[in-house]
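Notes to accompany the following structure.
In what follows, every heavy atom counts, from backbone to side chain, and hydrogens, waters and symmetry copies are set aside.
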Amino acid sequence: MKRKSETQKILAVRDYRKGKKVADICREYDCAKSTFYTWVRPYTEKKNKYGTVKLKDLQLANDRIRKLENELEIIHNSSFFKELTLKDKKAGIDEQYGKYSVHELCDAFSLPTGTYYNHLFRNKNEKAGI
């Protein structure tokens with residue numbers, strides 16, 4: 001038996017996930033069942049210092065991240081968000097201050113952290129009429 005490339009292994013595992021019989025896959029890729037199952041294992045669960053992570057859980061987490069990224073993009077592209085003034089953004093950050101880090105808040109409001117700190121610590125908000 002010839003050593004298989006990582007691409008071949010991934011294709012074999014994908015066939016398995018699509019419901020193809022193990023015996024058919026082993027014939028096609030010229031490998032033993034035990035060898036095939038060693039290819040499958042890394043794509044089904046991962047061990048880390050917190051325990052074992054199943055591929056399904058990882059896929060669900062990735063789907064959730066994609067959904068949240070899309071929601072954030074929708075909000076940032078809305079005319080409502082684009083019309084927020086610096087004063088409105090700073091007020092929104094002030095409202096959530098302490099619950100989240102300043103960097104997270106500034107990212108959420110599309111405001112550079114330096115701008116926020118500038119207005120916070122130098123009291124530029126009164127001088128600029130904010």
Side-chain angles (χ1 to χ4, degrees):
M1 280 185 247
K2 187 176 160 188
R3 184 163 242 237
K4 305 299 181 219
S5 70
E6 194 63 28
T7 304
Q8 289 173 312
K9 293 175 186 178
I10 291 170
L11 291 173
V13 171
R14 188 179 340 159
D15 289 345
Y16 175 69
R17 298 242 179 267
K18 289 181 179 178
K20 195 170 183 178
K21 293 180 181 178
V22 175
D24 294 339
I25 294 169
C26 290
R27 259 193 311 280
E28 182 180 339
Y29 289 91
D30 188 30
C31 67
K33 284 183 182 181
S34 60
T35 301
F36 172 72
Y37 284 115
T38 61
W39 298 350
V40 173
R41 194 175 304 115
Y43 298 101
T44 55
E45 60 184 40
K46 289 285 185 187
K47 291 184 182 179
N48 61 30
K49 64 181 179 181
Y50 304 110
T52 302
V53 178
K54 299 264 186 217
L55 180 62
K56 181 179 179 184
D57 295 336
L58 187 59
Q59 289 171 334
L60 290 173
N62 283 337
D63 291 344
R64 178 80 175 131
I65 290 168
R66 239 179 265 109
K67 182 180 182 285
L68 291 171
E69 286 174 340
N70 287 340
E71 288 175 9
L72 189 59
E73 186 177 342
I74 290 166
I75 291 168
H76 281 189
N77 289 333
S78 71
S79 59
F80 170 79
F81 188 83
K82 288 180 179 179
E83 292 172 6
L84 287 177
T85 64
L86 181 60
K87 181 180 179 181
D88 294 333
K89 290 179 180 184
K90 186 180 175 301
I93 292 172
D94 289 341
E95 186 179 301
Q96 299 294 322
Y97 190 85
K99 286 184 181 178
Y100 306 97
S101 75
V102 172
H103 291 282
E104 289 173 316
L105 291 167
C106 288
D107 286 346
F109 282 92
S110 296
L111 185 71
T113 53
T115 300
Y116 179 74
Y117 281 124
N118 190 29
H119 288 280
L120 184 68
F121 293 123
R122 296 183 185 182
N123 293 321
K124 293 235 177 179
N125 51 353
E126 287 122 19
K127 293 178 188 173
I130 296 176

Run the side-chain contact (heavy atoms from CB on, under 4.5 Å) test against Ser79 and tell me which residues pass, sequence neighbours left out.
Glu83

If you compare all heavy atoms of Cys106 against all heavy atoms of Tyr116, which two are closest, and at what distance to 0.1 Å?
SG-CB, 3.7 Å

Partners of Tyr117 by ring pair (Phe, Tyr, Trp, His ring centres under 6.0 Å), sequence neighbours excluded?
Phe121

Please enumerate all residues that pass ring pair (Phe, Tyr, Trp, His ring centres under 6.0 Å) together with Phe36, with sequence neighbours excluded.
Tyr16

Please determine whether a side-chain nitrogen of the Lys or Arg among Asp24 and Arg27 lies less than 4.0 Å from a carboxylate oxygen of the Asp or Glu.
yes

Can you name the residues that form a side-chain contact (heavy atoms from CB on, under 4.5 Å) with Lys67, not counting sequence neighbours?
Arg64, Glu71

Ring pair (Phe, Tyr, Trp, His ring centres under 6.0 Å) partners of residues 56-86, not counting sequence neighbours, each pair once:
His76-Phe81

Going by the rule ring pair (Phe, Tyr, Trp, His ring centres under 6.0 Å), which residues pair with Tyr100 if we only count those two or more places apart in sequence or in a different chain?
none

Just how far is it from atom CD1 of Ile10 to atom CG of Asp15, taken to the nearest 0.5 Å?
12.0 Å

With sequence neighbours excluded, residues passing side-chain contact (heavy atoms from CB on, under 4.5 Å) with Leu11:
Thr7, Arg14, Tyr29

Rounded distance [0.5 Å steps], NZ in Lys89 versus CZ in Phe109:
9.5 Å

Which value, rounded to the nearest 0.5 Å, describes the distance between Asn118 atom CG and Thr113 atom OG1?
11.0 Å

Quick check for you: to the nearest 0.5 Å, what is the distance between Lys20 atom NZ and Cys26 atom SG?
10.5 Å

With side-chain contact (heavy atoms from CB on, under 4.5 Å) as the test, would you mind laying out the steps for Thr115 and Lys90 before giving the verdict?
CA-CA 9 Å; Thr115 300; Lys90 186 180 175 301; over 6 Å; no

Can you list everything that forms a salt bridge (Lys or Arg N to Asp or Glu O under 4.0 Å) with Asp107? Sequence neighbours excluded, please.
none

Salt bridge (Lys or Arg N to Asp or Glu O under 4.0 Å) involving Arg66 - partner list, sequence neighbours excluded
Asp63

Sequence neighbours left out, what passes salt bridge (Lys or Arg N to Asp or Glu O under 4.0 Å) with Lys82? Give chain and number order.
none

Restricting to non-hydrogen atoms, name the atom on Gln96 and the atom on Leu105 that form the minimum distance, rounded to 0.1 Å.
CB-CD2, 3.3 Å

Partners meeting salt bridge (Lys or Arg N to Asp or Glu O under 4.0 Å) with Glu104 (sequence neighbours left out):
none

Partners of Glu69 by side chain to side chain donor-acceptor pair (under 3.5 Å), sequence neighbours excluded?
none

Between OG1 on residue Thr35 and CZ on residue Arg3, distance to nearest 0.5 Å:
11.0 Å

